[in-house]
Number of protein chains: 2
Amino acid sequence: MIDLEGPDPLYLQLAAVLRERIASGAYQPNRPIASVAELQEEFGLARGTILKSIDVLKSEKLVRAVPGRGTFVTPSA
Amino acid sequence: MIDLEGPDPLYLQLAAVLRERIASGAYQPNRPIASVAELQEEFGLARGTILKSIDVLKSEKLVRAVPGRGTFVTPSA
DNA sequence: GCCCATTTGTACGTATGTATG
DNA sequence: GCATACATACGTACAAATGGG
């Protein structure tokens with residue numbers, strides 16, 4: 001799902017994947033998405049890259065991060 | 001102007017300083033603000049921290065970055 | 001209240017890529 | 001080709017919040 005050779009930045013590719021998971025219901029409203037550590041494992045990307053992806057989703061108000069708990073899907077988004 | 005010991009994140013403190021420079025006219029519309037390298041020199045912060053500050057300003061549409069040229073103050077902002 | 005595991009946040013440094021002139 | 005400047009990505013370390021025991 002992530003094309004390391006492709007022209008698009010990895011953090012934007014990952015943001016697109018996560019956005020799709022929210023849209024499809026794979027990640028549900030008011031439930032946490034995978035943790036940063038889990039996403040690192042799954043995609044083999046650096047922590048900073050994962051965080052930057054999530055920053056994109058936060059700026060789109062698709063998710064809301066809570067330190068110590070997780071990153072939650074915004075309801076009705 | 002930047003309080004290394006203070007509670008506020010350095011990138012937010014720097015964003016506030018730059019926002020003030022724009023508001024005061026120290027950085028003028030359609031003119032470039034200081035380069036990342038110059039800001040690193042002036043504030044003694046890491047490059048990544050400077051970039052994150054500027055990301056904040058970009059998200060506020062106060063500036064627009066152009067690779068190879070600089071980061072420009074948005075007119076009428 | 002205290003420790004501990006989990007999780008997000010911040011900051012550093014470095015290297016490489018890409019766009020402009 | 002070259003210099004300048006922003007962009008992406010990696011790795012690392014520590015800080016801060018949360019929740020459970």
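We name chains A, B, ... by the order of the sequence lines, and we start the count at 1 in each one. Since this is a predicted model, take the numbers as computed values, not measurements.
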Checklist entry - CD of B/Glu41: more than 12 outside heavy atoms within 6.0 angstrom? => result no

Next on the checklist: Can you confirm whether more than 12 heavy atoms, excluding those of A/Arg64, are under 6.0 Å from its CZ atom?
Outcome noted: no

Next on the checklist: Please determine whether a side-chain nitrogen or oxygen atom of B/Arg69 lies at a distance below 4.0 Å from atom OP1 or OP2 of C/dG21.
Outcome noted: yes

Checklist entry - OP1 or OP2 of C/dT7 sitting under 4.0 Å from any side-chain N/O of A/Thr71? => result no

Measure [atom1]/[X] against [atom2]/[N] and give the value in whole Å, please.
| X | N | atom1 | atom2 | value |
| --- | --- | --- | --- | --- |
| A/Leu4 | D/dT8 | CG | C1' | 13 Å |
| A/Ile2 | D/dA9 | CD1 | P | 10 Å |
| A/Asp3 | D/dA9 | CG | P | 12 Å |
| A/Leu10 | D/dG11 | CG | C1' | 15 Å |
| A/Phe72 | C/dT7 | CZ | P | 11 Å |
| A/Tyr11 | D/dT8 | OH | C1' | 8 Å |
| B/Phe43 | C/dC12 | CZ | C1' | 18 Å |
| A/Ile33 | C/dT7 | CD1 | C1' | 12 Å |

Checklist entry - Looking for any heavy atom pair under 4.0 Å, which part of the strands does A/Gly48 touch: base, sugar-phosphate only, or nothing? => result nothing

Next on the checklist: Quick check for you: among D/dA9, D/dT12, C/dC12, whose closest atom lies nearest to any side-chain atom of A/Pro9?
Outcome noted: D/dA9

Checklist entry - Of the nucleotides D/dC10, C/dC12, D/dA13, which has the atom closest to the A/Arg47 side chain? => result D/dA13

Checklist outcome for this item: Per the under-4.0 Å heavy-atom filter, residues of residues 49-58 of chain A near DNA chain D come out as A/Thr49, A/Lys52

Item to check | B/Thr49 side, atom OG1; B/Leu10 side, atom CG - distance, nearest 0.5 Å | outcome: 6.5 Å

Checklist entry - In Å, rounded to the nearest 0.5 Å, how long is the span from CG of A/Leu18 to CG of A/Leu62? => result 10.0 Å

Next on the checklist: Please determine whether residues A/Ile54 and A/Ile2 belong to a single hydrophobic cluster, defined as Ile, Leu, Val, Met, Phe, Trp and Tyr linked transitively by side-chain heavy-atom distances below 4.5 Å.
Outcome noted: yes

Checklist entry - Is there a side-chain contact between A/Ile50 and A/Arg47 (heavy atoms, below 4.5 Å)? => result no

Item to check | Pair B/Asp55-B/Lys58, salt bridge (charged side-chain N to carboxylate O under 4.0 Å, His left out): steps then yes or no | outcome: CA-CA 5 Å; B/Asp55 273 349; B/Lys58 283 193 281 192; 3.3 Å; yes

Checklist entry - How do B/Val36 and A/Leu45 order along DNA chain D: which one's closest nucleotide is nearer the 5' end? => result B/Val36

Item to check | Upstream residue (5' side of DNA chain D) when A/Pro67 and A/Leu12 are each assigned their closest nucleotide | outcome: A/Leu12

